[in-house]
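Shown next, in structure tokens, is the structure this report addresses.
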Amino acid sequence: MKKNTKLYETAAALLASGKGILAADESDATAAKRLEMVHLPNTPENRREWREIMLSAPGIEEYISGVIFYDSTIRDETSEGVPFADLLLARGIVPGIKVDLGVKDLHGFKGEVVTQGLDDLDKRFADYYEMGARFAKWRMVVTIDEDELPTDQSLKFNSLQLARYAQLAQDAGIVPIVEPEVIFEGDHSLAKAEMVTTRTLQILFQTLMEYKVDLSGLILKSSMVLAGSKHPEVSTPEQVAQATLRTFHMSVPHEVAGIVFLSGGQTPKRSTDNLNAIAKMGPQPWPITYSFSRAIEEPMLRAWGGKKENAEASQKALLENCKENSLASQGKL
Ligand code: 13P
């Protein structure tokens, strides 16, 4: 296989020590939930203002190596007409793009879904590359339910979609982030979460290797392994760290460029504390850092409150939160 060193350079930049990735890739529909927190209607102007506050925060490049956009966001620009992607590039931050188109029910498998978005993906990658994107994200959804879910069929089918996406990304000179999200909502135990995440990652990496995806030019975005949100026991950071790292050692090949975490509905503090506990157990064969959305955005949204006069306070809150996550990614909290 021909090696694409550009992919490795991009992956290394994204995984630079002390930095992480901001997932600002809410669809326009999901953005409504964030803006609701600050009692703002979900208009293009409000979405733009919120994103501009984040992306223009002074010093953010110290902690953020890349930002994942949604289609409408990578096409958006500041109030002064600077495209968001150019704003990032000028500060040495790598623009990224979420390319999956959400999920649909998986025929014959109640409660399971398959991710959409492969049609014309080669053309979409070419357009996004032109706009400056050098990495991408595709999310697969894994639900734990009693003894039955997830099925191996669903894991295999979704892994195939991810493998095709990853091939097309690498052909386009774009680093694929593969994101199998094991959903935190639910009453499953920590042991069950560990079993399911291990199985998911084993099937995913087996499929990626079968289809000759270059693992050195690919990043895994994973859930942390923890008991479900409705389980009576709350997993401690030490338990989360041990279960998560055991899972990775059982399933993630060492060639993979790195691993980043989603926050998955944990509070910002819990996400940061768990990351810190994981990093403290390092070093590992892969760089490991954060790629949070809600756990990075919630504090800055609260400080903003949708009011122009709070923009600076909001940027300060964002910086403080990013700094904490940066320290946590190095196990220094
Ligand atoms: P959260 O950190 O809010 O889980 O979002 C990360 C993400 O990219 C989900 O696809």
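Just so it is clear, the structure is predicted and the values come from calculations on it, not from any experiment. Remember, it's 1-based here, ligands and their atoms both numbered in the order they're listed. In what follows, residues are counted from 1 in the order of the sequence shown.
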Checklist entry - For residues N321 and N325, is any side-chain donor paired with an opposing acceptor at under 3.5 Å? => result yes
Next on the checklist: For F248 and W286, take the angle between the two ring planes, folded into 0 to 90°, and tell me which bin it lands in: parallel under 30, tilted 30 to 60, perpendicular over 60.
Outcome noted: perpendicular
Checklist entry - Between E26 and S293, does any side-chain donor sit less than 3.5 Å from a side-chain acceptor? => result yes
Checklist outcome for this item: Output for pair (L275 CG, Q266 CD), nearest 0.5 Å, gives 10.0 Å
Checklist entry - Looking only at heavy atoms of K137, does any of them come nearer than 4.0 Å to an atom of ligand 1? => result yes
Item to check | Location of contacts on R139 toward ligand 1, heavy atoms closer than 4.0 Å | outcome: side chain
Next on the checklist: Evaluate S291 for polar contact with ligand 1, using N/O atom pairs at a separation under 3.5 Å.
Outcome noted: no
Checklist outcome for this item: heavy-atom search around atom 4 (O) of ligand 1 in the protein gives G264 N, 2.6 Å
Next on the checklist: Do Q167 and R164 pair up side chain to side chain, a donor and an acceptor below 3.5 Å, judged on atom types alone?
Outcome noted: yes
Item to check | Closest to atom 7 (C) of ligand 1 (judged by heavy-atom distance), picking from R34, K221, M140 | outcome: K221
Checklist entry - For atom 3 (O) of ligand 1, which protein heavy atom lies nearest, and how many Å away is it? => result R294 NE, 2.6 Å
Checklist entry - Which protein heavy atom lies closest to atom 9 (C) of ligand 1, and at what distance to 0.1 Å? => result E179 OE2, 3.3 Å
Item to check | Any donor-acceptor N or O pair under 3.5 Å, side chains S72, D28 | outcome: yes
Next on the checklist: Is it true that N46 and T43 share a donor-acceptor pair across their side chains at a distance under 3.5 Å?
Outcome noted: yes
Checklist entry - Hey, which atoms in ligand 1 end up nearer than 4.0 Å to a heavy atom of A23? => result 8 (O)
Checklist entry - Which protein non-hydrogen atom lies closest to atom 2 (O) of ligand 1, naming both residue and atom, and how far is it? => result S263 OG, 2.5 Å
Item to check | Distance filter under 4.0 Å to F292 heavy atoms, resulting ligand 1 atoms | outcome: 2 (O)
Item to check | From CA spacing to verdict: salt bridge (charged side-chain N to carboxylate O under 4.0 Å, His left out), K123, D127 | outcome: CA-CA 6 Å; K123 292 197 195 82; D127 289 346; over 6 Å; no
Next on the checklist: If we set the cut-off at 4.0 Å for heavy atoms, which region of S293 has an atom near ligand 1: side chain, backbone, both, or neither?
Outcome noted: both
